[in-house]
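Quick notes on the structure that follows.
Values below: all heavy atoms of this structure, side chains included; hydrogens, waters and symmetry mates excluded. Letters A, B, ... mirror the listed sequences (proteins, then strands); counts begin at 1.
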Number of protein chains: 2
Amino acid sequence: MASKSKMDGSIGAKNKQKILVAAEKAFATYGFKGTSVQQIADEAELPKTNILYYFKSKQGLYVALLQDIMSLWNSRFDQVTEDDDPAESLADYIADKMTMSRTHPQASKIFAMEVLNGAPYLNKFFSNEHVAWMEGRVAILNSWIAQGRMTAVDPLYLLFHIWACTQHYADFSAQITSLRGKTMKRADFDEATRQLVQLILSGCGLTVPEKYLESAK
Amino acid sequence: MASKSKMDGSIGAKNKQKILVAAEKAFATYGFKGTSVQQIADEAELPKTNILYYFKSKQGLYVALLQDIMSLWNSRFDQVTEDDDPAESLADYIADKMTMSRTHPQASKIFAMEVLNGAPYLNKFFSNEHVAWMEGRVAILNSWIAQGRMTAVDPLYLLFHIWACTQHYADFSAQITSLRGKTMKRADFDEATRQLVQLILSGCGLTVPEKYLESAK
DNA sequence: CAAAAAAATGACTAAGTGGTCAGGAAATTG
DNA sequence: CAATTTCCTGACCACTTAGTCATTTTTTTG
């Protein structure tokens, strides 16, 4: 019943994926309005009409891509409980988000542009799952604070600041590269992660886990 | 010789200003490609051709606006010396940047979009003044560290993190509003500023100045 | 007040845009 | 192998867009 024809091995699924990859690159570089369907077609090496065949419209393709991107945001931090260690949980979360900025900068940029423009296609997401996720994480952080395991910071703002810093490395890479005179390599991201973990954890009265102390020197 | 006719009191200067204000609003909301000259004209309540009369092209208007925006970035922190107090200097800088995000969110968004798209019109700025500014600030921070007045953090990353957090409140306001269920008012910005000052200063081993401790309660 | 400069604007154009559609090719299926 | 579905594509269209240009109006100036 579910093995009809639209399975992943089919030619259609492969093309859809190719289009999504091309669209991610184009939208991240030129924005939604700044990207033409023709550009995506060129990038995907497919005729323009083929793009519109698989995705009903440019907007439909964009929304499909946005959904793909949102699913990338999941991390180990989603499963953390109040019995876990605050220092390690937060440090790992920061490290996970930094890894995302390094490995998926285009996704981060598309998300950033979407939010910058008022998040017209994310309002539903923001109003449901995201708020629930947030409430859960805030509750755990408050529990850690109540247990006296970390400084009494406002969890909401703490999470905002973690997002801001980690995403900054993807979204503002042009500025960072200019100021550093060179692009951020893997080792630079590792160093930035250590710096950020130290800053945030110290700011929360937490001890930095060993694995985030300066290593390879 | 300089008092010919193109002075600021003239009708032309007033219209240019009106156009820049309209353009800021439009570009911040819809991006460069997403904004038509007609939209700016409507917002400025001037005929479209009048826009093109004062600014040679849409791109010319955009670049002029970008320059205006860049000049807003100046702050007290530019004049700080190694003899100043690290805690107060950094706290004030953070507070200044938070004030900018509250009072000029549109400018912040336009800047963010420009950098997101690779900063094509800011590369010259990034390569000259900005790098020099950065080197000067890094030197002062390193001096403070050498004097043992703050923890040995990497000044470059510290500044990135300050920018990231402060600008986040302007650039990601749509997400923040959704998650909070209400917009950020003046009091909320003040609270966010206190939270951020505490986080960063504690993270740098500095004592939070009295004026940034929780007040009015 | 006349001449010159600055400001204003309606009509137009050329280029690019997202999207439709009809018809054909290829693959899948009973 | 015939039939049906999926896949593919060139031609085309309605519409928006930035920018030009010729002309007129307003302001400034000697």
Side-chain angles (χ1 to χ4, degrees), chain A residues 1-27 29-66 110 113 117 120-121, chain B residues 1-27 29-66 110 113 117 120-121:
Chain A
M1 205 182 263
S3 63
K4 200 66 179 296
S5 64
K6 288 208 168 185
M7 290 309 285
D8 58 290
S10 79
I11 180 166
K14 209 186 280 184
N15 274 343
K16 272 196 171 186
Q17 196 54 35
K18 201 154 75 168
I19 292 167
L20 282 169
V21 170
E24 182 181 357
K25 181 173 176 183
F27 284 138
T29 311
Y30 306 105
F32 178 73
K33 290 281 282 190
T35 300
S36 68
V37 178
Q38 186 61 60
Q39 279 177 66
I40 298 171
D42 292 346
E43 182 69 35
E45 291 179 303
L46 288 171
K48 190 184 83 167
T49 30
N50 213 330
I51 311 290
L52 278 314
Y53 169 71
Y54 283 109
F55 299 89
K56 286 178 187 172
S57 66
K58 180 186 174 185
Q59 181 176 307
L61 167 55
Y62 177 72
V63 171
L65 180 60
L66 261 189
I110 290 170
M113 284 191 212
N117 292 340
Y121 300 111
Chain B
M1 205 181 260
S3 62
K4 200 67 181 296
S5 63
K6 289 207 168 186
M7 289 311 284
D8 58 290
S10 78
I11 180 167
K14 208 186 281 183
N15 274 345
K16 272 196 172 185
Q17 197 54 33
K18 201 154 76 169
I19 292 168
L20 282 169
V21 170
E24 182 180 355
K25 181 174 177 183
F27 284 138
T29 311
Y30 306 105
F32 177 74
K33 290 282 285 191
T35 300
S36 69
V37 179
Q38 186 62 58
Q39 280 177 65
I40 298 171
D42 292 345
E43 182 69 35
E45 291 180 302
L46 288 170
K48 188 185 84 166
T49 31
N50 214 330
I51 310 289
L52 278 314
Y53 170 71
Y54 283 108
F55 298 91
K56 287 179 186 171
S57 66
K58 180 186 174 184
Q59 182 176 307
L61 168 55
Y62 177 72
V63 171
L65 179 60
L66 261 188
I110 291 170
M113 283 190 211
N117 292 341
Y121 299 112

Between [atom2] of [N] and [atom1] of [X], the distance in whole Å:
| X | N | atom1 | atom2 | result |
| --- | --- | --- | --- | --- |
| Tyr62(B) | dA18(D) | OH | C1' | 17 Å |
| Ile51(A) | dC7(D) | CD1 | C1' | 13 Å |
| Lys33(B) | dT16(D) | NZ | P | 17 Å |
| Leu52(A) | dA22(C) | CG | C1' | 16 Å |
| Lys58(B) | dT20(D) | NZ | C1' | 17 Å |
| Gln38(B) | dT9(C) | CD | P | 13 Å |
| Phe55(A) | dT20(C) | CZ | P | 16 Å |
| Ile19(A) | dC8(D) | CD1 | C1' | 11 Å |

- Note on the structure: Angle separating the five-pair end axes of the helix from dC1(C)-dG30(D) to dG30(C)-dC1(D), nearest 10°, is 20°
- What distance do Leu46(A) atom CG and Asn15(A) atom CG have between them, rounded to the nearest 0.5 Å? 5.0 Å
- For the atom pair CD1 (Ile51(A)) and OG (Ser36(A)), what is the distance rounded to the nearest 0.5 Å? 10.5 Å
- Apply side chain to side chain contact (heavy atoms under 4.5 Å, CB included) to Ile40(B) and Lys58(B), showing your working. CA-CA 10 Å; Ile40(B) 298 171; Lys58(B) 180 186 174 184; 5.5 Å; no
Grab the N/O contacts between the protein and nucleotides 9-13 of chain D below 3.5 Å, and write none if there aren't any.
from	atom 1	to	atom 2	distance (Å)
dT9(D)	OP2	Asn50(A)	ND2	3.2

- Message: OP1 or OP2 of dA8(C) versus the side-chain N and O atoms of Asn15(B): is any pair under 4.0 Å?
- Response: yes
- Partner residues of Phe55(A) under the ring pair (Phe, Tyr, Trp, His ring centres under 6.0 Å) criterion, sequence neighbours left out: none
- Message: Leu52(A) vs Leu61(A), test: side chain to side chain contact (heavy atoms under 4.5 Å, CB included). Steps then yes/no.
- Response: CA-CA 9 Å; Leu52(A) 278 314; Leu61(A) 167 55; over 6 Å; no
- Message: Ring-plane angle category for Tyr62(A) and Phe32(A), please: parallel below 30°, perpendicular beyond 60°, tilted otherwise.
- Response: tilted
- Task: Could you go through the side chain to side chain contact (heavy atoms under 4.5 Å, CB included) check for Glu24(B) and Val21(B) one step at a time?
- Result: CA-CA 5 Å; Glu24(B) 182 180 355; Val21(B) 170; 5.6 Å; no
- Query: Within the side chain of Lys33(A), is there an N or O that forms a donor-acceptor pair under 3.5 Å with the backbone of Thr35(B)?
  - Reply: no
- Query: Given the rule in the side chain to side chain contact (heavy atoms under 4.5 Å, CB included) test, do Met113(B) and Phe27(B) qualify, once you have shown the distances and angles that lead to the verdict?
  - Reply: CA-CA 9 Å; Met113(B) 283 190 211; Phe27(B) 284 138; over 6 Å; no
